[in-house]
Amino acid sequence: MIPNIDSPKYQGQRKFMVSKLKSLGINNKNVLNALNSVPRHLFMDPGLISHSYKNMAYPIDSGQTISQPYTVAFQTELINCKEGDEVLEIGTGSGYQAAILSYLGFDVFTIERNITLFKKSSLIFKNLSIKIKKNLLGDGYLGIADSAPFDAIIVTAAAKEIPKNLMNQLKVGGRMVIPIGEDEQIMYRFTRIEKSTFKKEEFGQFKFVPMVKGK
Ligand code: SAH
């Protein structure tokens, strides 16, 4: 049983957080509604719950982080998906980003390499009845060949270079949103215009934990 799933206090804090996201330039109504609805405090480290609705990244387990709400909203806007689209997330982490994608009615596939985080997020998805099509313990660099191609891929850890496997798992017309770089990253969106032609767009600087090869 999950105690204290939501409360007027948290709802109020979420509303305030969403108004902040709007002021920072997030304007997709569905995305704002999802961030206003999914209880981020249920994905936080228990000791940090009082910070749940601040626009900041926080430590979860195993030296990893739950992404900043602005970053979650921004990447979710950039994949530009509609209900029923198949979306692959790399780096399940706390499960918060996956829960947002699921709330939006996307078919969510997500991969995590760390077994502690994989187990934790699996339990949260189950306890909160969050629909996830497939959550896997594995190396996100490989994607999920069996379930490809995807309408979108959202990478929530910093890659050093463009993961070729993932590019090949996009549908024609599909989009991959991915931070690339070492200490700091640039957010890129690659759109597969034709089988072997990709459009590349740049969306500013971000800071993510590194994407690491292998499980
Ligand atoms: N989307 C997450 C953000 C987690 S931080 C959230 O909403 O909380 C990034 C996550 O990527 C970490 O949990 C890390 O373990 C994971 N990760 C790093 N390299 C990976 C890889 N090659 N495959 C899968 N997951 C990876």
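These numbers were taken from a predicted model, which means no experiment stands behind them. In listed order, ligands and their atoms are each counted from 1. Computed from heavy atoms alone, side chains included, the values below leave out hydrogens, waters and symmetry copies. Index from 1, following the sequence.
Residues V31 and Q75 fail the side-chain proximity criterion, which asks for heavy atoms closer than 4.5 Å. Put simply, the side chain of P59 reaches to within 4.5 Å of the side chain of L48, judged on heavy atoms.
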Are there any N/O pairs under 3.5 Å between ligand 1 and the protein, and if so, what are their distances?
| from | atom 1 | to | atom 2 | distance (Å) |
| --- | --- | --- | --- | --- |
| ligand 1 | 1 (N) | E89 | OE2 | 2.8 |
| ligand 1 | 1 (N) | G91 | O | 2.9 |
| ligand 1 | 1 (N) | T156 | OG1 | 3.0 |
| ligand 1 | 7 (O) | Q97 | N | 3.1 |
| ligand 1 | 8 (O) | S94 | N | 3.1 |
| ligand 1 | 8 (O) | S94 | OG | 2.6 |
| ligand 1 | 13 (O) | E112 | OE1 | 2.8 |
| ligand 1 | 13 (O) | E112 | OE2 | 3.4 |
| ligand 1 | 15 (O) | E112 | OE2 | 2.6 |
| ligand 1 | 19 (N) | V212 | N | 2.9 |
| ligand 1 | 22 (N) | D139 | OD1 | 3.0 |
| ligand 1 | 22 (N) | V212 | O | 2.6 |
| ligand 1 | 23 (N) | G140 | N | 2.7 |
| ligand 1 | 25 (N) | R113 | N | 3.3 |

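Of the residues listed (E86, K134, K133, Q169), the one engaging S147 in a side-chain hydrogen bond (donor to acceptor under 3.5 Å, both in side chains) is K134, and it is the only one.
Between Y10 and Y53, the ring planes are tilted. Angles from 30° to 60° get that label.
In terms of heavy atoms, G143 sits closest to L166 at CA-CD2, 3.5 Å.
A donor atom on one side chain and an acceptor atom on the other are not found under 3.5 Å apart for D61 and T116.
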